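Right, one structure below, let's go through it.
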Amino acid sequence: MDPVSQLASAGSFRVLKEPLAFLRALELLFAIFAFATCGGYSGGLRLSVDCVNKTESNLSIDIAFAYPFRLHQVTFEVPTCEGKERQKLALIGDSSSSAEFFVTVAVFAFLYSLAATVVYIFFQNKYRENNRGPLIDFIVTVVFSFLWLVGSSAWAKGLSDVKVATDPKEVLLLMSACKQPSNKCMAVHSPVMSSLNTSVVFGFLNFILWAGNIWFVFKETGWHTSGQRYLSDPMEKHSSSYNQGGYNQDSYGSSSGYSQQASLGPSSDEFGQQPAGPTSFTNQI
């Protein structure tokens with residue numbers, strides 16, 4: 001049997017049905033979608049400038065941009081409608097920091113989810129033999145939950161800036177030829193942002209998954225076990241003290257009943273001796 005088959009036979013894939021491993025597998029998949037839809041994006045827009053002198057017009061001005069969205073480095077040339085002179089312009093803005101941070105978080109989250117899933121399947125006994133593995137897993141899960149929230153929020157703001165900077169109407173305002181009423185400037189093609197919108201959605205979905213998985217990872221740590229033990233000890237003490245109280249009450253009741261029976265005996269004897277008085281009185285008469 002080859003090593004791959006031996007490793008597959010040794011693994012327990014049933015753990016994928018448990019919430020801990022199942023959520024890790026979803027995190028792995030959603031992380032791929034997050035960095036693929038953002039890091040693999042490339043788009044563009046097309047403008048047209050129709051000058052009064054048709055020979056100076058340019059009806060197909062293509063402006064391309066892509067990840068990491070350093071828009072200030074995207075340059076293009078447009079006609080000025082004043083002879084053969086050309087105007088060199090650049091887009092406005094730089095969203096590379098938020099985009100790169102988002103993709104970096106997604107890549108590292110994918111790598112950790114992959115490693116954690118492998119550990120759950122093939123090394124589950126070593127993972128649970130001491131508290132170190134679950135404790136590290138818990139801390140990393142909390143950190144990635146925070147990073148997903150920050151990264152998704154930052155990238156959502158960065159994407160909003162990208163949409164504004166690449167809006168054809170905003171780009172046309174940068175051209176001097178478009179400020180003259182005699183020239184006609186139009187937007188031929190607008191950029192498609194559907195994949196970038198999807199990346200933001202997957203970013204917040206990853207945050208929900210990682211935040212929800214905190215509880216299931218916490219249950220594997222010794223903190224959860226010690227917490228349950230701490231709660232169970234006072235309950236046991238309370239129940240034992242209650243049983244002791246009930247036993248004392250029963251013993252007290254039995255002793256009091258016994259004393260009542262003891263006191264009842266002599267009274268009955270005295271009651272049996274009462275007829276002796278009248279009998280002697282009759283004999284005297």
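FYI, the numbering just counts along the sequence from 1. Remember, predicted model here, so these are calculated numbers, not experimental data.
Within a 6.0 Å sphere centred on CZ of F22, other residues, nucleotides and ligands contribute 12 heavy atoms or fewer. Counted within 6.0 Å of CZ on F108, heavy atoms from surrounding residues, nucleotides or ligands total 12 or fewer; the atom is thus considered open. More than 12 heavy atoms of other residues, nucleotides or ligands shown are found within 6.0 angstrom of CG on L89.
No donor-acceptor pair under 3.5 Å is formed between the side chain of E27 and the backbone N or O of N206. For S57 (side chain) and C51 (main-chain N/O), a donor-acceptor pair under 3.5 Å exists by modelled atom type. The backbone N or O of G83 sits less than 3.5 Å from a side-chain atom of E56, completing a donor-acceptor pair. Under a 3.5 Å cut-off, the side chain of N213 and the backbone N or O of L209 do not form any donor-acceptor pair. Side-chain N or O atoms of S98 include one that pairs as donor or acceptor with a backbone N or O of S95 at under 3.5 Å.
Scanning for side chain to side chain donor-acceptor pair (under 3.5 Å) contacts around N197 gives K163, with sequence neighbours left out. Every salt bridge (charged side-chain N to carboxylate O under 4.0 Å, His left out) that E18 has, sequence neighbours left out, goes to R128. With sequence neighbours excluded, the residues that form a salt bridge (charged side-chain N to carboxylate O under 4.0 Å, His left out) with D62 are R46. Every salt bridge (charged side-chain N to carboxylate O under 4.0 Å, His left out) that K54 has, sequence neighbours left out, goes to D50. Residues that satisfy the salt bridge (charged side-chain N to carboxylate O under 4.0 Å, His left out) test with E100, not counting sequence neighbours, are R70.
Ring pair Y67/Y41: centre-to-centre distance not below 6.0 Å.
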Using atom types as modelled, flag every donor-acceptor pair under 3.5 Å from a side chain in residues 140-157 to any protein atom, sequence neighbours excluded.
{"from": "T141", "atom 1": "OG1", "to": "R24", "atom 2": "NH2", "distance (Å)": "2.6"}
{"from": "T141", "atom 1": "OG1", "to": "D137", "atom 2": "O", "distance (Å)": "2.6"}
{"from": "S145", "atom 1": "OG", "to": "T141", "atom 2": "O", "distance (Å)": "2.8"}
{"from": "S145", "atom 1": "OG", "to": "W210", "atom 2": "O", "distance (Å)": "3.2"}
{"from": "S145", "atom 1": "OG", "to": "A211", "atom 2": "N", "distance (Å)": "3.3"}
{"from": "S152", "atom 1": "OG", "to": "W148", "atom 2": "O", "distance (Å)": "2.7"}
{"from": "S152", "atom 1": "OG", "to": "G203", "atom 2": "O", "distance (Å)": "3.1"}
{"from": "S153", "atom 1": "OG", "to": "L149", "atom 2": "O", "distance (Å)": "2.8"}
{"from": "W155", "atom 1": "NE1", "to": "S199", "atom 2": "OG", "distance (Å)": "3.0"}
{"from": "K157", "atom 1": "NZ", "to": "D161", "atom 2": "OD1", "distance (Å)": "3.1"}
{"from": "K157", "atom 1": "NZ", "to": "D161", "atom 2": "OD2", "distance (Å)": "3.0"}

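With rounding to the nearest 0.5 angstrom, the CG atom of L23 is 10.5 Å from the OG1 atom of T117. For the atom pair CZ of F65 and CD of Q73, the computed distance is 14.5 Å after rounding to the nearest 0.5 Å.
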